[in-house]
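So that the names make sense, note that chain A is the first sequence line, chain B the second, and so on, each numbered from 1. From a predicted model like this one, the values you see are computed outputs, not experimental measurements.
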Amino acid sequence: MSAQGEHLSNSDLAKIFHTIADLLEIKGENIYKVLAYRRAADSLANLGGDAYEVWQAGELNQIPGVGKAIAEKLDELFRTGRLGFYEKVKTEVPVSLVDLLQVPDVGPKKAALFWGKAGVTSLPELEAAAREGKLRGLPGIGEKSEAKILAGIEALKRRSTRTPLGVAWPAAQELAAWLRNLPGVKAAEVAGSLRRMRSTVGDIDLVAAAADPKPVMEAFAHHSKVGQVLASGEAKTSVELKNTLRVQLWVHPPEQWGTVLQYATGSKEHSVHLRELAQDKKLSLSDHSIIQPDGQEVFYSEEAEVYAAIGLPWIPPEMREDRGEIQAALAGKLPRLIERGDLIAELHSHSTWSDGHSSIQAMAEAARERSLKVIAITDHSVSLGVARGLKIEDLQRQRVEIDAVQAKLGDSIRILQGTESEILADGSLDYPDEILAKLDVVIASLHSSLRQPRAVITERLLRAMRNPHVDIVGHPTGRLLPDREGADLDMDSVLKAAAETGIALEINAFPERLDLDDIYARRAAEMGIPLSINTDAHQPDHLDLVQFGVGVARRAWITPDQVINAWPTKRLLDWLKHRTKG
DNA sequence: GCCGTTTTCGGCCCGACTGTTTTCAGTCG
């Protein structure tokens, strides 16, 4: 495949089918038809390979949730770039109505109501109608609903995007720790998409176990960080923090811990699938129990017991996306996912030689404290002026310092000299080959001109990958969460090149990056491409960010053998040496 | 619209919470 293909991407297609689903739902179409479009959209978004190639191979019906009708629509999209059905639906329901669904407590029924009875076709029109008091009086809408909608629109404006994992994680852990200290609380955990380690989250989900839930939820509602309480019932409290993050807390008695933790962890798709399986066994699974065929209600204090009751082994949270994990569990083929403790090396770190904040010795000691056996200092190369990239003579002086620190620290940790070399505009690297050959680790990264056209930037990266001295491609797409998309790379070509050259692709653990993402990482691993989980640390405590990279890898079903930093030291060093020689 | 070691037609998860209601619809996860 060439890099020129300007065809529709998986995410373009997913957006189209998601919009179709929303429009049909507002229109009042059969809910299962709506769900079918939504399932197909999710399936396309989660596809590791390019749907375009699946189409070319005539295998669209292999994609889960794609049957005859949706396959025909994909065919039309790929052939003509348009979809008649989509255009027809848009003439029936204004596409701007879809924005209304983002407002909390506004779903398809209310969107249809506001459209039909108040002439609202967009979010600004909804806001105007609410301000003018035109919504109250509509069937089922009173003053409270109207005020809630206005507040919801305001909240949307304040919070334009999803919250990055790196922001939500510490906030959630702090709240969980606070809950654990409340009287009567036996356990408290972070659940939801955070526990599944999604790279961005919409809200924070917390679960607590207490014999008497009420005082726990009372206390939580009055936590100093809570801005307003959105809902509070017997089992669940939902709040918005002063910083606009939304938090939901479930509190159940300890004997129900297993079911509630499972339920609150999701994903919704995973839970739906699980309940279908339960139903096959005439079991009814809810957030607090399983009702047996004879009507008896059984509680489960451990998550593993819930899965066992449905005939499954416990499934790691990061896998719970209904991407085949339930089938794998049924077949007894769940992978042994990588864990932080498997990693023996950090292969991407910076020191004060470029834009890091700590000395080489401090970084090496920090790595040693975290039980690592190897750390590579990979400071920036000369062209990245803003990061004080190293000139060739700097590299030679840096080698002297590394040797000195190595002598001081002895065998306790191995310090490698590397570089994070710029990939220049023409795809060449920043140092001549004879210099690269002397370095222990060469990471090639894109930092500049990320907005080049697809064909140009893809070829630029491919050229760098063909340099035999390159060991690892750093943060391959260059995305920055939550808002800056990565380069418009033809990832199929990139993955194929990696498979051919044997180069490793990085899973950059820095929370703003998490790049490769879980979808591409899984695809890469399936293609036999070696992966490398690195923190890109600029100071010692950044080494702990590795947990987020491990989270991505676990979401990608990755095992220790597929990650070069989890290999035994000798195997890793041999691999690096072999690559350097080309 | 999709899907099938009980099915190619008839299913397709379940309960909490809110606001508007006098028994329920809509939304959410």
Suppose you measure atom [atom1] in [N] against the same atom in [M]; what distance do you get, rounded to whole Å?
{"N": "B:dT5", "M": "B:dG1", "atom1": "C1'", "answer": "24 Å"}
{"N": "B:dG15", "M": "B:dC9", "atom1": "P", "answer": "32 Å"}
{"N": "B:dT22", "M": "B:dC17", "atom1": "P", "answer": "22 Å"}
{"N": "B:dT27", "M": "B:dT20", "atom1": "P", "answer": "14 Å"}
{"N": "B:dG19", "M": "B:dC13", "atom1": "C1'", "answer": "25 Å"}
{"N": "B:dC12", "M": "B:dT18", "atom1": "C1'", "answer": "27 Å"}
{"N": "B:dC2", "M": "B:dT6", "atom1": "P", "answer": "23 Å"}

### Task
With A:S193 as reference, evaluate A:V201, A:I204, A:T265 under the side chain to side chain contact (heavy atoms under 4.5 Å, CB included) test and give the passing residue.
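Considering A:V201, A:I204, A:T265, a side chain to side chain contact (heavy atoms under 4.5 Å, CB included) with A:S193 is found only for A:V201.
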### Task
Would you check if there is a donor-acceptor pair between the side chains of A:T259 and A:Q256 at a distance under 3.5 Å?
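No, no side-chain donor-acceptor contact under 3.5 Å.
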### Task
Could you tell me whether A:K73 sits above the aromatic face of A:F85, with NZ or CZ closer than 6.0 angstrom to the six-membered ring centre and within 45 degrees of the axis?
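Here A:K73 passes the 6.0 Å and 45° test against A:F85.
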### Cation-pi, A:Y86 ring and A:K90 (6.0 angstrom, 45 degrees)
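Verdict for A:Y86: a cation-pi partner in A:K90.
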Send over the distance from [X] [atom1] to [N] [atom2], rounded to a whole Å.
{"X": "A:D287", "N": "B:dC14", "atom1": "CG", "atom2": "P", "answer": "13 Å"}
{"X": "A:M217", "N": "B:dA16", "atom1": "CE", "atom2": "C1'", "answer": "11 Å"}
{"X": "A:K110", "N": "B:dT27", "atom1": "NZ", "atom2": "P", "answer": "6 Å"}
{"X": "A:E234", "N": "B:dG15", "atom1": "CD", "atom2": "C1'", "answer": "13 Å"}
{"X": "A:R195", "N": "B:dG29", "atom1": "CZ", "atom2": "P", "answer": "19 Å"}
{"X": "A:K109", "N": "B:dT27", "atom1": "NZ", "atom2": "C1'", "answer": "10 Å"}
{"X": "A:H288", "N": "B:dC17", "atom1": "NE2", "atom2": "C1'", "answer": "15 Å"}
{"X": "A:E25", "N": "B:dT27", "atom1": "CD", "atom2": "P", "answer": "8 Å"}

Using a 3.5 Å distance criterion without hydrogens, assess whether the side chain of [X] forms a donor-acceptor pair with backbone atoms of [Y].
{"X": "A:D517", "Y": "A:Y520", "value": "yes"}
{"X": "A:E218", "Y": "A:K214", "value": "no"}
{"X": "A:R196", "Y": "A:G551", "value": "no"}

What's [X] touching, base or sugar-phosphate or nothing? Going by heavy atoms closer than 4.0 Å.
{"X": "A:V34", "answer": "nothing"}
{"X": "A:G266", "answer": "nothing"}
{"X": "A:L285", "answer": "sugar-phosphate"}
{"X": "A:V260", "answer": "nothing"}
{"X": "A:Y263", "answer": "base"}
{"X": "A:E143", "answer": "sugar-phosphate"}
{"X": "A:K144", "answer": "sugar-phosphate"}
{"X": "A:I141", "answer": "sugar-phosphate"}
{"X": "A:S238", "answer": "nothing"}
{"X": "A:P108", "answer": "sugar-phosphate"}

### Complement of B:dA16, any strand, by Watson-Crick or G-U distances under 3.5 angstrom
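The answer is B:dT27, by the H-bond criterion.
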### Message
Quick check on DNA chain B: between A:I70 and A:G233, whose nearest nucleotide comes earlier from the 5' end?
### Response
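Of the two residues, A:I70 wins.
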### Query
Closer to the 5' end of DNA chain B via nearest nucleotide, is it A:K236 or A:R275?
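The residue closer to the strand's 5' end, by nearest nucleotide, is A:R275.
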Considering only side-chain heavy atoms of [X], which listed nucleotide, [options], is closest?
{"X": "A:S286", "options": "B:dC14, B:dC17, B:dT20", "answer": "B:dC14"}
{"X": "A:S145", "options": "B:dG29, B:dG19, B:dG15", "answer": "B:dG19"}
{"X": "A:A36", "options": "B:dC13, B:dT27, B:dC2", "answer": "B:dC2"}
{"X": "A:W250", "options": "B:dG1, B:dG29, B:dT18", "answer": "B:dG29"}
{"X": "A:E276", "options": "B:dG26, B:dG1, B:dC12", "answer": "B:dC12"}

### Message
Please confirm whether the shortest side-chain N or O distance from A:Q279 to OP1 or OP2 of B:dC14 is below 4.0 Å.
### Response
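So the side-chain polar atoms of A:Q279 do come within 4.0 Å of the phosphate oxygens OP1 or OP2 of B:dC14, strictly under.
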### Query
If only side-chain N and O atoms of A:K268 are considered, is one of them under 4.0 Å from the OP1 or OP2 phosphate oxygen of B:dG29?
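No, outside the criterion.
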### Query
When the aromatic ring centroids of A:H252 and A:W257 are compared, is their separation below 6.0 Å?
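When the ring centroids of A:H252 and A:W257 are compared, they turn out to be at least 6.0 Å apart.
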### Message
On the side chain of A:Y32, is there an atom forming a donor-acceptor pair with the base of B:dG11 - under 3.5 Å, no angle test?
### Response
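Under the 3.5 Å cut-off, the side chain and the base do not form any donor-acceptor pair.
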